[in-house]
Number of protein chains: 2
Amino acid sequence: MTYRLRFVAGLAALVALMSTASPTIADEGMWLFNAPPLKQLKEKYGFEPDQKWLDHVQKSSVRFNSGGSGSFVSADGLVMTNHHVGADDLQKLSTNEKNYLRDGFHARTKAEEIKCKALELNVLQSMKDVTAEVNASVTPEMPPAEAFKARQAKIEEIQKATADPAKGVRADVVTLFAGGAYHLYTFKKYTDIRLVFAPEKAIAFFGGDPDNFEYPRYDLDICFFRVYENDQPVKPEHFLSWSPAGTKADELIFVSGHPGRTNRQQTMAELEYLRDTGYPYLLQRLNRLEVLLGSWVARSEANKQKGEDELFGIQNSRKARIGGLQGLLDPQIMARKKADEERLKNFIALSGAKGSSAPPWAADAAKAFDTIAKAEKTRATLIKDVTLLENGAAFNSSYFGIARTLVRAADEKPKAPAERLREFADSRLPSLEFALFSEEPHYDDFEILKFADSLTMLASHYGSNDPMVQKILAGKSPRERAFELVSGTKVKDPAVRKKLYEGGKAAVDAANDPMIELVKLVDAKSREVRKTFENEVDEPKRQAYTALAKARFAMDGANTYPDATFTLRLSYGTVKGFQEDGKDVPPYTDFAGLYTRSKEQGNKDPFELPKRWEVKKESIDLKTPFNFVSTADIIGGNSGSPVINKAGEVVGIIFDGNIQSLVLDFIYDQTQARAVSVDSRAIMEALRKVYDAGDLADEITGKKK
Amino acid sequence: MTYRLRFVAGLAALVALMSTASPTIADEGMWLFNAPPLKQLKEKYGFEPDQKWLDHVQKSSVRFNSGGSGSFVSADGLVMTNHHVGADDLQKLSTNEKNYLRDGFHARTKAEEIKCKALELNVLQSMKDVTAEVNASVTPEMPPAEAFKARQAKIEEIQKATADPAKGVRADVVTLFAGGAYHLYTFKKYTDIRLVFAPEKAIAFFGGDPDNFEYPRYDLDICFFRVYENDQPVKPEHFLSWSPAGTKADELIFVSGHPGRTNRQQTMAELEYLRDTGYPYLLQRLNRLEVLLGSWVARSEANKQKGEDELFGIQNSRKARIGGLQGLLDPQIMARKKADEERLKNFIALSGAKGSSAPPWAADAAKAFDTIAKAEKTRATLIKDVTLLENGAAFNSSYFGIARTLVRAADEKPKAPAERLREFADSRLPSLEFALFSEEPHYDDFEILKFADSLTMLASHYGSNDPMVQKILAGKSPRERAFELVSGTKVKDPAVRKKLYEGGKAAVDAANDPMIELVKLVDAKSREVRKTFENEVDEPKRQAYTALAKARFAMDGANTYPDATFTLRLSYGTVKGFQEDGKDVPPYTDFAGLYTRSKEQGNKDPFELPKRWEVKKESIDLKTPFNFVSTADIIGGNSGSPVINKAGEVVGIIFDGNIQSLVLDFIYDQTQARAVSVDSRAIMEALRKVYDAGDLADEITGKKK
């Protein structure tokens, strides 16, 4: 349903030492490749990347549609990402006999590589500004719902004109600057992705949830896939070469990846909504799921294999949100944000006071703060309905999601494109179908566990005597009802799904499937809630933020970057430690530190080293740099992003941020916030000395015959 | 703050096979020792315990005021209870060097026994019905608040007349039948309690949270203390002898212990409150705490030692409440409860219709259902305020609790006894002072963690812009504020506490302590919320339930038992397996099963066996019965209760119920609900063969010279 991004919205707690440096001096920004920070790089670092450099980096960068980043690192289509980005696939490929997520995997020949079940990679080929075209579809007189539809229709039209599914060309109109700009992104799309190499989870995620978002750190969070087309490895036009030397402290580095979402333009009204309502409610659900899954996973090894990846995503989100909430509750952070808002308000007021020479956005921008404040109030009243029904939190089973896709596809596909729910836009259907028909395994016992709990949450929220709840539960307890629905539904069979999808409404209506019947029971209410939310929250806010984005653009000039939107961005910074509680935290860790931390924690899960690492200890150079931190501006979605040097070579791979970096969701800080990477030298040392993966190392370093 | 009872309120999910047997035939009931189920025992089992038998069992039974049960098992004052009942004390006695909770403890001589820091044991000496006396203090004309005070004053007076602190005589007027009866309980109170023996936590709580409330089970959940007076071991008048033979399947057994609370008289309105509001809200907080403590404990061994016992209590409550909520959400259970309520309503209506010959309770009972329904509505509106402020959930630090006790003691002690908050009644002051001045360790880092999180919860609930929240946070983030208060308060020093307590209001006002200042800031509001809750929820309900209890008593006759109230009760039943998913679960497990389960789970925490158990495996008789289940009617607080045979000998010790037993909170069931015990034979085998504790075994079996 949602991307599992390692670095989700958040704010750090400790801002006493917060930088007050101006944005042009700080290493701030997640820059568009078609508007890179050339001035800043030149002024601060004396470095001027040319278009060739930018093109090369852009086209070597890979987006994992499951919610992460990666890069081509060989001429034979090898893609590097994080173990935790590949974790979903590692789990899906595992069997009762082979647990690749836990034990790792190494295909020693291409024949041994295993095809992933539902993984899509995208490589950005080109970007084009279509703002004028999109905006021309909307007139100021249109009511919000109509404006929304008109814009969606135009976007759909633009996408359709460019996309070429037969050739693997995907086209997305992406929204930037909170609706201030629309760019048409054209991607090369790959769906035949095969697993090549993964280390054991115990070393990839060494320290587990306890060490997550902490530093110093000792994780080999890497994973390699190979991209195929027509059953042959792809020969990518661009791939990154490998730096044998790695980095030195204070060296300039770049990060090319797909930050998922930042919220740096949000008004105080929205931040206060998040602080008092949004985050607390989300954390409540995350806590609930973490306890549910955590205790179930602990019951047996079989449960662990089925559920641990989902659990780890939940823990990750929970920690990130706690960090974010801490920041929102910090009066100093909020004071900085408020000062920034005042500056913008003053600018808008001054612009508006210019009478007939006021800029065209001035009137809208002047109303925008109140519009957003009103929308946030509405949001607070709707959020639980939206979450439970439309977002499906009350029906937490993959089978429910599948059944709803089938029911809605039958309703939506016959409609004119502009009338459809946006996930049924023609341009999105191929990806939707790919996911819908995928053979990825689901486990009835795990589905029952989650579904029963979510039905319980539904009953608690609306009260058991609520007529809708009574209809949903059908005279049974949540557990009995979940058992009945999960056991009884036939949508668990991909062949049935395909038949129903292709059969359309007639087939779905005749399916006589209990899960489909449940979907139908709640769908009218669910759609209604969604519609209200879109009309009264999303669309007014979109328009208000568009006006504010224009005002801010006018105020701060073109030399700025949009909030993250899971589109490709370029960040930069230097390798640099930080201070914590008055103590220096050095930028690098090494393998020696790994062994020490493991020993201190009794070599127990999640600090237990894989056997291989004990056996090979003697042959490893313990001084090899393992992880390092830098000041690059990153966020969730950057997981797996290559860290590259001025020469465009891989010197590391992003896999986390420290706890202080959670502030980056709302505000950049380079005093303490740090991106955490695996060092390229550690990767080579581990492949060659620990994993006997000389062939792979040779391929990456271009030494392969 | 609250008792940590292993078996908390709950209901099982699976009642398809629910017994419909009448209460006189089922092994139902937590019977008062002064109204034992003689008729039932005679009819069903042909057994007639005499008064001597009852006195012996009563006076051999021990209440752990920390929230559990136990029994004298030797002539030298040895007391047996569960490891998890002793866990708080094991943790408090541990040091950086010695972790008794984890590693166990064995005093080979009396000199090696360690005195607990704040443990009080009570042994029930006598019971006297004082209902008439208490009720005479209240007139029908009194408004609720006045009635409450008058009753409290009378209770206080009765207690004071009997208590003799100098001689260790404690007197409590206990409320039974929901206010239908008041009995004066006289206890012998012991406060010099020394630790004698505990196994490793890994075997006491083998299977941890995953196997908690499950069966089959393999736990050596035992712990031994010795009671001292005047620095000498107590020679108890009564102690239980040990059965070498244990039990056989279908054998009649008894459980003598202190069930904490059952809710079998609750009306549908109250059950619906619990289902839709009370349980969901409590589970929300338990989930939050479990995640908070779980992730902190995982960070290091030091954290684990500080927090794991509290974590384990939270997990235990969570699992119990989830079971309870499942039951409340089960339409079949609710239908049975509703039928029972209809029966009572009809009886009341018929009684009331008798005109002038209607019983005196008829008019009150007729209104009671509506009164309770109204009170439950009010409860739902107040519960969060009460929980956060008066119950202190928003100020989750031991230091806050201590500071509040100091502030309130200074306010309350000068008042007339009847005017005081009930916890400052004269009879309660000795226990309150004992706890207040105890040297039990607190850890600033752990306190900060919990306090910061609870302040965050406070801010989320009321909103950060709320004036009270702003005053409480004083311009800081929750984390900074928690750090400041926990670091700055001097109440962490028992000597300071003593001085402030003895100095009264003047001393407390002059203390200039940040935590005390915080308490003062919120105390007026907190007291107001409490008062409203007592007047509008507690007192009307107490009166209404009193009327219903009288009606029920009239309906069902004297042959009944009151809801559990953490007073001594006698339960009975037989050793018996059960069916689950159509499969037989046999009543006994054995040591062989322990080794198998550990192996299946990779011998990993919480299934990791202590080394000793690996080493001694060869010398143990693997066929020794380890745990067993019985149909006895138990609930949280029964933890540590001796299981005895007709001869009054120990055949086991209660330590858990299966998941189906969570239904016992609201309704008895003997189809699937089972009490889980450690077998007396396993205890002996383990003491002699695994722990080299022959002396202790000899003392228990009376073989000691």
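Chain letters run A, B, ... following the sequence lines, proteins first and then strands; every chain starts at 1. Values below: every heavy atom of this structure, side chains too, minus hydrogens, waters and symmetry copies. This is a predicted model, so every value here is computed, not measured.
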Ranked by heavy-atom pairs below 4.5 Å to chain B, first place among A:Ser460, A:Gly602, A:Gly207 goes to A:Ser460

Strictly below 4.0 Å, N to O, side chains only: are A:Glu308 and A:Arg102 in salt-bridge contact?
no

Any idea how A:Phe446 and A:Trp296 line up, ring-wise: parallel (<30°), tilted (30 to 60°), or perpendicular (>60°)?
parallel

Face-on cation placement of A:Arg275 at A:Tyr279 ring, 6.0 Å and 45° thresholds
no

Count the heavy-atom pairs under 4.5 Å between each of A:Ala452, A:Pro606, A:Pro280, A:Pro331 and chain B, then report the option with the highest count.
A:Pro331

Can you tell which part of A:Lys604 gets under 4.5 Å to a heavy atom of chain B, answering side chain, backbone, both or neither?
side chain

Taking only Lys NZ, Arg NE, NH1 and NH2, and the carboxylate oxygens of Asp or Glu, determine whether B:Glu200 and B:Lys611 approach each other closer than 4.0 Å.
no

What part of B:Asp453 lies closer than 4.5 angstrom to a heavy atom of chain A: side chain, backbone, both or neither?
neither

So which of A:Gly294, A:Gly208, A:Ser300 has the largest heavy-atom pair count under 4.5 angstrom toward chain B?
A:Ser300

Heavy-atom contact with chain B under 4.5 Å, split by part of A:Glu608:
side chain

A:Asp605 versus chain B, heavy atoms under 4.5 Å apart: side chain, backbone, both or neither?
neither

Residue of the set A:Leu449, A:Asp444, A:Asp445 for which side-chain contact (heavy atoms from CB on, under 4.5 Å) holds with A:Val486
A:Asp444

With a 4.5 angstrom heavy-atom cut-off, which part of B:Gln315 approaches chain A: side chain, backbone, both or neither?
neither

Residue pair B:Asn287 / B:Arg321, side-chain donor-acceptor N/O under 3.5 Å
no

Determine the option with the most heavy-atom pairs under 4.5 angstrom with chain B, choosing from A:Leu292, A:Val291, A:Leu283, A:Leu473.
A:Val291

Heavy-atom distance under 4.5 Å to chain A: side chain of B:Arg318, backbone, both or neither?
side chain

Under 4.0 Å between a side-chain nitrogen and a carboxylate oxygen: does that hold for B:Glu214 and B:Lys319?
yes

Need one label for A:Arg481: side chain, backbone, both or neither, based on atoms under 4.5 Å from any heavy atom in chain B.
neither

What part of A:Asn303 lies closer than 4.5 angstrom to a heavy atom of chain B: side chain, backbone, both or neither?
neither

Residue part contacting chain A, namely of B:Phe607, when any heavy atom lies under 4.5 Å:
side chain

Does either side chain, that of A:Asn316 or that of A:Asn212, offer a donor lying less than 3.5 Å from an acceptor on the other one?
yes

